[in-house]
Structures are given as C-alpha cells and as structure tokens.
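Below, chain A is the first sequence line, B the second, and so on; all start at residue 1. Remember, it's a predicted structure, so these values are computed and weren't measured experimentally.
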Amino acid sequence: MTTDEILDLLEERFPNAECELYHQNAFQLIVAVVLSAQTTDQSVNRVTPALFERYPDAGTMAMADVKAVEGYIKTIGLYHNKSRMIIGLAQSLMEHFQGEVPSSMKDLTSLSGVGRKTANVVRSVWFDIPALAVDTHVERISKRLGLAKVQDSVETVETKLKRKIKRERWNRAHHLFIFFGRYMCTARNPQCEGCPFVSFCKKDKLEAYRKTKG
DNA sequence: ATCCCGAGGG
DNA sequence: CCCTCTGGAT
C-alpha cells in the first residue's frame, strides 16, 4: 500500500482530524503544546482555560510567579519543570521577539521548553508551514505501518516520513496519524477489527523489540 | 503496570 | 546514548 493510499483511508475515517489543544492565539498554542508533554490533550484542556484567563499573553506570563503557575497546572504532571519552562518561554519571547511567537525552526527551538516536536506543531498548526511533528503516536503508527523500522529514532522517523509523504500532505498526515493513534491504533488495546492495515501491521514486531528494551 | 502530541541535562 | 521530571486515565 502506498503512503497516499494509507492517507486516503485515514482521511475517510478521520475527516475532522485537527489540533485538539485549546488556544486562542499563537502564545497560548505554544504554551499548550509545551504543557502536553507526557500528558493527554484532554488533561491539558482542563487547566488551560483558567491559566490563559490569568495569563493571556507573553507579557503577563513573563511576570508570573513559578508557584502561582504551578497551582494552575498541578494536575498535568511534570508541573515544576513546565511552570519554569513556560515562564522562561514568555520571558524570552518578550526579550528577543517583541512578545510574538516566531516561525523559524531556529528561533522556536531557541525558546525555553521548545524542542523539535513542539516547534513542528506550532509551525504546522499556527503558521501552516509544512512540517511533520513526530510524537509518541506518530512514532508508534509509523513503525506499525512499516513506514519506519522499529529501532529508528524519532529523528529518523521524521526523515523517512518526509521522504515517503508528499510535502503538501505533511500537515494532514500529522493529524491523521495522531487521531488514528489516539482513537483506534492505541498503544495498549488497539482496535484491530476493521483496521484496513492489519495485513501488513508490524505491531507484534514492535512489541517484541520494546521488550528487549530499545 | 503502562501510557499520555517531550525537553533538558548528564 | 541514558536518565529524570509527574499526575491522571485505563
């Protein structure tokens, strides 16, 4: 099956696949993505409305107290690091970018708490720049579908996906893989009945590899 | 017990 | 490469 055929099938099943993180501007999006590390979007969306009401932009967040921010995000895990990260993020936005979220990969990854994955999400979702953010879902789906090898690093997965998927489909592919991974091809109990990819799925191979600790 | 749209540091 | 940070859902 070609990658275009895979994407067409996913498009049929998940026509509404899109960013599910609550946000009303670029600053709120980048903060929400930073907060989403090792946490479900649902958990993030439970805390961000109150957080963004108190700190709606980089200017207010830059002056926030670490403990006060922790109080808003306590329930999403990694809260101490995340609190310091998003305040530092707001401070460097004020210091180097006039409070605006930049769009280049180099500028984005220079920000506190913003790695390659977060930068790719912001470029794709907010700036509509072709990007392929490889998170836990995209990595798992890519390996189960055989688009990457089980031992590949996330960087290698990104490189292979960009080579196999045409550029104009990168942004859709990202969200289609995430929705497929979140609602059907889940990590623990995937719904394999009715899945159009079972005939070539590498799920068992991936699990066997993970048990040998990769 | 394992996973969730990771990043930073060693 | 490795480890740590962390609570909630399943």
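You'll find the side chain of A:P102 reaches within 4.5 Å of the side chain of A:L111, heavy atoms only. Contact check for A:K160 versus A:L147: no side-chain heavy atoms found under the 4.5 Å cut-off. Here the side chains of A:N171 and A:H175 are not in contact, with every heavy-atom distance at 4.5 Å or above. With a 4.5 Å cut-off on side-chain heavy atoms, A:H23 and A:W126 count as touching.
Atom CZ in A:F179 sits roughly 11 Å away from atom C1' in B:dC5 (whole-Å rounding). Following rounding to the nearest Å, A:F180 (CZ) and B:dC5 (P) show an atom-to-atom distance of 15 Å. Per the geometry, OH belonging to A:Y183 stands 15 Å off C1' belonging to C:dT10, to the nearest Å. As rounded to whole Å, 13 Å separates atom P of B:dA1 from atom CZ of A:R188. In this structure, A:R182 atom CZ and B:dC3 atom C1' are separated by 13 Å, rounded to whole Å. Between A:N189 atom CG and C:dA9 atom C1' there is a gap of 13 Å when expressed in whole angstrom units. Separating the CD atom of A:Q151 from the P atom of C:dC1 is a distance of 11 Å, rounded to the nearest angstrom. Distance, A:D152 CG to C:dC1 P: 11 Å, rounded to whole Å.
A:T2 places a side-chain N or O within 3.5 Å of a backbone atom of A:E5 that can act as its donor or acceptor partner.
Between the P atoms of B:dA7 and C:dG8, the separation comes to 23 Å (whole Å). Taking the C1' atoms as reference points, B:dC3 lies 16 Å from C:dC5, given to the whole Å. Across C:dT6 and B:dG10, the matching P atoms stand 16 Å from one another, rounded to whole Å. Comparing B:dC4 with C:dC1, their C1' atoms sit 24 Å apart, to the nearest whole Å.
Within the nucleic acid shown, A:S36 comes within 4.0 Å of sugar-phosphate atoms alone, with no base atom in reach, counting heavy atoms only. Contacts of A:V138 with the nucleic acid, taken as non-hydrogen atoms under 4.0 Å apart, are absent.
Among the nucleotides C:dA9, B:dC5, B:dC4, the one closest to the side chain of A:R46 is C:dA9. Distance from the side chain of A:A187 is smallest for B:dC3 among the nucleotides B:dC3, B:dA7, C:dG8.
In this structure, A:E168 places its CD atom where more than 12 heavy-atom neighbours from other residues, nucleotides or ligands lie under 6.0 Å away.
Both A:G113 and A:K117 lie close to DNA chain B; mapped to their nearest nucleotides by heavy-atom distance, the more 5′-ward contact belongs to A:K117. Along DNA chain C, the nucleotide nearest A:S153 and the nucleotide nearest A:Q38 are compared for position; the residue whose nucleotide lies closer to the 5' end is A:S153.
OP1 and OP2 of B:dC5 both lie 4.0 Å or more from every side-chain N or O belonging to A:R140. In this structure, A:T118 reaches the B:dA7 phosphate: one of its side-chain N or O atoms is under 4.0 Å from OP1 or OP2.
Atom CG in A:N120 sits 10.5 Å away from atom CG in A:D135 (nearest 0.5 Å).
Checked against A:E158 for a salt bridge (charged side-chain N to carboxylate O under 4.0 Å, His left out), the options A:R116, A:K164, A:R163 give a single hit: A:R116.
Of the residues in residues 77-95 of chain A, those placing a heavy atom less than 4.0 Å from an atom of DNA chain C are A:G77, A:L78, A:Y79, A:H80, A:N81, in numerical order.
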